[in-house]
K.L.:
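Before we start, here is the structure in question, set down as structure tokens.
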Protein chains: 2
Amino acid sequence: MKESWSSLDTFEPNFRPLVVIELAKSTKEETREWLTRRIADKKANGGAQLLVKPLITENGDQNIYLVGASHFRLLLGAETVGLVKECTDNSMRTFTYSSRKTFKDFVDDNHSFLTMAECQYIIKHELENLRAKDEKIIPGYPQAKLYPGKSIVRRLLTNGILVQIFPLHDQEELKKLRHTWYGRVKIGYQPLDEIRCYFGETIALYFGFLEYFTFALIPMAVIGIPYYVFAWEDYDKYVMFATFNLLWSTVILEVWKRLCAVMTYRWGTLLMKRQFEEPRPGFHGVLGVNPVTGREEPVYSSIKRQLRIYLVSLPFVCLCLYFSLYVMMIYFDLEQWALDYHKENESNFSSLMLFVPSIIYAVVIEIMNRIYRYAAEFLTSWENHRLESSYQNHLILKVLVFNFLNCFASLFYIAFVLFDMKLLRQSLATLLITSQILNQFAEAFLPYWLQKRHKKRMKKKMYSQKTDTDLSLVEQVNLEKEMGTYFGTFDDYLELFLQFGYVSLFSCVYPLAAVFAVLNNITEIYSDALKMCRVYKRPFAEPTANIGVWQLAFETMSVISVVTNCILIGMSPQVNALFPDSKMDLILTVAFVEHMLLAMKFVMAFVIPDKPRDIQIKLARLEFESLEALKQQ
Amino acid sequence: MKESWSSLDTFEPNFRPLVVIELAKSTKEETREWLTRRIADKKANGGAQLLVKPLITENGDQNIYLVGASHFRLLLGAETVGLVKECTDNSMRTFTYSSRKTFKDFVDDNHSFLTMAECQYIIKHELENLRAKDEKIIPGYPQAKLYPGKSIVRRLLTNGILVQIFPLHDQEELKKLRHTWYGRVKIGYQPLDEIRCYFGETIALYFGFLEYFTFALIPMAVIGIPYYVFAWEDYDKYVMFATFNLLWSTVILEVWKRLCAVMTYRWGTLLMKRQFEEPRPGFHGVLGVNPVTGREEPVYSSIKRQLRIYLVSLPFVCLCLYFSLYVMMIYFDLEQWALDYHKENESNFSSLMLFVPSIIYAVVIEIMNRIYRYAAEFLTSWENHRLESSYQNHLILKVLVFNFLNCFASLFYIAFVLFDMKLLRQSLATLLITSQILNQFAEAFLPYWLQKRHKKRMKKKMYSQKTDTDLSLVEQVNLEKEMGTYFGTFDDYLELFLQFGYVSLFSCVYPLAAVFAVLNNITEIYSDALKMCRVYKRPFAEPTANIGVWQLAFETMSVISVVTNCILIGMSPQVNALFPDSKMDLILTVAFVEHMLLAMKFVMAFVIPDKPRDIQIKLARLEFESLEALKQQ
């Protein structure tokens, strides 16, 4: 096995395997040949012009291919995807091959100018944009239709011929990263730049946000502790705490935008104009000319998309939300019925029956969640978004709203229909703590343990055949292809989002929530890091300039929390005691304070600039330069 | 006199007078010479390279100069100010002299490629950006200090040496414009493109907004009429009307943004990057290098500006608002006192005394308004904004807030403290109608009448000396220099803004307000057109891409009106009758409805794109092209 690889090495001394393509075992010879030819073919002939080599495994199967590219090809690819790099004069500029000499750290034989993650991203981009020309079908599979402009990889995936494409880990780099990231016990920031180099901007930004958010919650947690310790239940102290929380949450979200701009400017993604990129592989339409770039690519009417969003997706989401609320009401009825039954009968069986509604509800919620998620993915894909970011944002928004309702509807019911503050505090604490423990366990430690067992077994099997201690490439590929796939940052952000909800929506009822959130997030950083480095396949890097629709989601949550907190304070017996004569005065005061707080939030969001001044100047300079360049033409 | 002009004509056959400079009569010869030399001097020597000729009037004074420029100079100036024109391929591009052949309607000897308003704008820009080099003082005026980079014209103005600069009317064009604009009675749109050609984008946009706003109010007016005719006072009808109004106002403001983008794209100002222009003449600072454009110009720290805004201007404005409220409270006390006095004494004198508080209050308000406006101008100027638009926006915001309070505070007091709906309706009607009549009279007809009288007198004087019937250039200049100066669209927008307040804030109390607003606006269009064409000096054109901070002001008003209308509906006896048992339920319902309406407004504002899709594509294409051009460099 090792030999087969070394024979490759002699054959092509520069070949560095970057990406692995796994085909189905049954793939026809004809198809394999066609695919490898198309991948290796010259750009001028409509190919991807990449290097592709079969990896011959022990059982002689040829269903795994390694893809790489020459240094020159990668630089051209960097130009195609529009990578932004730092120049020798410290400005950030879009990389072009012809201006390569002006970039910092660029030497013609310096292969570290592009990080491995960037090279893998380029290869993924090239593979995904390998589009059908005159082929009507995939050779060997007459049922897999193609039309001009259809992404070949996408069609292979949907037809099950292509099992997966994934980038290879770089064991040495990974070791280094692991060490600086979580290898030693230390207090300090995460090595975000190193994370970005290895995993790409989307993941680095998630860890950056997680870290920032944890720091930002510390003041809330610190202020929250004495409320628990001294059991402060005075009106004025609660109001102070809630007011601080509400304004603080606006400040942290605004400041995050600025920090994010600073980071992504340094990484070059703030300047990357991804809207000018080729469409995402799932995008379909008749082959036409993009009105902006003038390139030939599939085009799809935006009016049709709007119609699909507003006439199909939106009503569907609303219906699902209504249905979910309906199920919740049934659950509350069942709960009541079980309680009544228990009171009447008072037996072992009846006390067991008390748990039945909760269990049924939990199961139903889980099922509904899965079905809904599947439907949301289908709908968003059907909406046919041109950009990956817009697809992601629409998908996230759909799933988010549903999850928000499922998580918080019962708490809202307890708070504003049952008016039971004690039950609210109790449910909040239970939900928060159990969800945190379960999440951390299910997300990182369980897969880690499974992965470790699997690895051991694999190694044992290999030891039985050979005596090498170091992992060969074949072993590495075989190990990694069995690892789980990381499906993006969605679930991680969702966890943070729901946590932010627990902390802010009812903060004046349960000030300790922030403390638990901080504690959870500190371990979350470590368990997520572990998950990324040891449990999952390496994910493809995805350049991004911000956290997208999550910013909107967090901001909306912080607006809703103004309303909920004001109502909660207004309902507290301490505040009620201040207005003994007139409930009306109480409500009017609360409403007035709430409006003032909301107005303050909006003014603050308006007044704090989204980008720091120096980034603004740098962006303006770039815009000015490009306008001047256009004039010169 | 006519001869002196013809002698100019022979001397410089191409000289077309565009702008008039009037110096003080006492200006020293030395200063005149220096100024004309600086204006005529070559760009390379730091001059403006314009043509300048003295206009010798009947009494031999030489204090008026005519400024023009060669065709070539104007084209270079168009490049400097960054005019955007249509190309032969129908795209809009920044004009450059070298690419002049690619522009639509460009022929080398076609002098109508630039409109007269554009030529005058270019000359104004060049004059204002005529900056001191090594001069320490203005020759002949040792007290008028100069420093490198200081605008000479600005210093001359502040020292009273320069009386005014104004562009000349074009009698023929003006006649044509008057005819299509208001010369014949017709139902239809205003000739906005022609207005823009003659008066520039700012004024055209004002008339566009006025027209759009009038049309947009028609549905409200139409729905409002039956309320008056049939005296509908039912709860459900009021709620329907108010809900319609509230959502409608969001829609019209969002749609306006789109219309505005369409218009300004056609006019080229949407693409004009005014932030890259040289600073406004009033801007001062040490001579440095602009970090964006790399040009040498005065620079001023933005942190200092922020500190001035937040630590001085903001507290000052708040203090003034507080003071104004305080004065209002005193007025209400006085009113009460006068009423009591009248009840006790019941004499002629006492009934006369009833009017005293109102008169005192009106006078005090007027004085306060003037002082405040002066202070606001001083403060905004002291804040030292680099861009004219940012100066304007800050000034407008300051004056706006104060005017809003003065106009509506008493109505708010009547509505939400006195709870007197009848008085509210009455005050609203009185305020709305009287302010409309007074405004139209004071704004257009009175100056028009004065102007006409003045013109007659002037003509008489001239006829006594000569027999020419046609106005010569000297006569034209003499006439126009005495005309009033149009100080920008501020007061016109303010009038519309306050009208929008009357219509929307209390719309459910007085649905007829929209009818009066529509009627007023129809005549307003005519009286404003008359004012622009016949009463005032021609104003300099000012390119602009939107209505600036007024958009924000109107949007804020529409948010506030959600709150006021919900409260008013909640207070109405019809709604109170629906909740006979519990005031609390009523308030909670109202608060809930209000929050839903606000949420809907925000969602609508978020969902409706600010620019139509085709404009978005055109803008994206331009951005893409300029980025590509930068890459090519």
Side-chain angles (χ1 to χ4, degrees), chain A residues 79 82 93-99 271 273 275-276 290-295 301-303 306 309-310 314 416 552 556 559-560 563 566-567 582-584 586-588 590-591 594-595 598-599 602 606-607 609 613-614 616-633, chain B residues 79 82 93-99 271 273 275-276 290-295 301-303 306 309-310 314 416 552 556 559-560 563 566-567 582-584 586-588 590-591 594-595 598-599 602 606-607 609 613-614 616-633:
Chain A
E79 181 175 335
R93 275 166 204 288
T94 311
F95 178 81
T96 59
Y97 186 71
S98 54
S99 66
L271 298 174
K273 299 287 171 178
Q275 71 267 36
F276 300 141
N290 182 315
V292 175
T293 59
R295 288 192 211 112
S301 145
S302 104
I303 294 165
Q306 301 289 329
I309 293 175
Y310 292 114
L314 186 66
F416 305 124
L552 178 71
T556 311
V559 168
I560 296 174
V563 183
C566 283
I567 302 179
S582 153
K583 281 263 179 243
M584 217 174 95
L586 165 70
I587 299 177
L588 289 180
V590 169
E594 187 231 321
H595 279 83
L598 281 178
F602 280 104
F606 185 79
V607 161
R613 182 135 181 96
D614 62 318
Q616 278 176 33
I617 288 178
K618 281 168 181 166
L619 291 179
R621 195 191 298 153
L622 201 85
E623 197 191 344
F624 177 72
E625 278 175 11
S626 48
L627 284 175
E628 288 297 304
L630 188 67
K631 273 194 207 164
Q632 238 89 89
Q633 280 201 327
Chain B
E79 181 174 336
R93 274 167 207 288
T94 310
F95 178 80
T96 59
Y97 186 73
S98 55
S99 66
L271 297 173
K273 299 289 172 178
Q275 71 266 37
F276 300 142
N290 182 315
V292 174
T293 59
R295 288 194 212 111
S301 146
S302 105
I303 295 164
Q306 301 289 330
I309 293 175
Y310 291 114
L314 187 65
F416 305 124
L552 178 71
T556 310
V559 169
I560 296 175
V563 182
C566 284
I567 302 179
S582 153
K583 282 264 178 236
M584 217 174 96
L586 164 69
I587 299 178
L588 289 179
V590 169
E594 187 230 321
H595 279 84
L598 280 179
F602 280 104
F606 185 78
V607 160
R613 180 135 183 97
D614 62 319
Q616 278 175 33
I617 289 178
K618 281 167 181 165
L619 290 179
R621 194 191 299 153
L622 201 84
E623 197 190 344
F624 177 71
E625 278 175 12
S626 48
L627 285 175
E628 288 296 305
L630 189 66
K631 273 193 207 165
Q632 239 90 88
Q633 278 202 324

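Numbers restart at 1 for each chain; the letters A, B, ... are given by sequence-line order, proteins then strands.
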K.L.:
Is it true that, when you exclude A/R613 itself, more than 12 heavy atoms of the residues, nucleotides or ligands shown sit nearer than 6.0 Å to its CZ?
P.N.:
no

K.L.:
Heavy-atom distances under 4.5 Å only: say whether A/I303 touches chain B with side chain, backbone, both or neither.
P.N.:
neither

K.L.:
Any side-chain heavy-atom pair from B/L619 and B/E623 closer than 4.5 angstrom?
P.N.:
no

K.L.:
Report yes or no: does A/R295 contribute a side-chain atom to a donor-acceptor pair with the main-chain N or O of A/F276 at less than 3.5 Å?
P.N.:
yes

K.L.:
Less than 4.5 Å to any heavy atom of chain A: does that hold for the side chain of B/K631, its backbone, both, or neither?
P.N.:
both

K.L.:
Of the listed residues (B/S302, B/G294, B/A591), which shares the most heavy-atom pairs with chain A below a 4.5 Å separation?
P.N.:
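With the most close heavy-atom pairs to chain A, the winner is B/S302.
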
K.L.:
Counting only heavy atoms closer than 4.5 Å, note whether B/L552 contacts chain A via side chain, backbone, both or neither.
P.N.:
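Only the side chain of B/L552 comes within 4.5 Å of chain A.
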
K.L.:
With a 4.5 angstrom heavy-atom cut-off, could you sort out which part of B/Q632 is near chain A: side chain, backbone, both or neither?
P.N.:
side chain

K.L.:
May I ask you to decide if B/P291's main-chain N or O and A/R621's side chain share a donor-acceptor pair within less than 3.5 Å?
P.N.:
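Present.
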
K.L.:
Check whether B/V559 gets within reach of chain A through its side chain, its backbone, both or neither, counting any heavy atom under 4.5 Å.
P.N.:
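For B/V559, there is no contact with chain A at all, as no heavy atom is under 4.5 Å.
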
K.L.:
Who wins among A/T94, A/T293, A/T96, A/L627 for the most heavy-atom pairs under 4.5 Å with chain B?
P.N.:
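Looking at each option in turn, the highest pair count goes to A/T293.
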
K.L.:
Identify which part of B/S99 has an atom lying under 4.5 Å from any heavy atom of chain A, answering side chain, backbone, both or neither.
P.N.:
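Neither part; nothing is under 4.5 Å.
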
K.L.:
Examine whether an atom of B/A620 lies under 4.5 Å from a heavy atom of chain A, and if so say whether it belongs to the side chain, the backbone or both; otherwise answer neither.
P.N.:
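Its backbone and side chain both get close to chain A.
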
K.L.:
Excluding sequence neighbours, so at least two apart, what forms ring pair (Phe, Tyr, Trp, His ring centres under 6.0 Å) with A/F602?
P.N.:
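B/F602.
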
K.L.:
Going by heavy atoms in the side chains, are B/E594 and B/L598 under 4.5 Å from each other?
P.N.:
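Answer yes - side chains close enough.
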
K.L.:
I'd like to check B/I587 versus A/L588 (side-chain heavy atoms, cut-off strictly below 4.5 Å). Are they in contact?
P.N.:
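Yes, at least one pair of side-chain atoms sits under 4.5 Å.
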
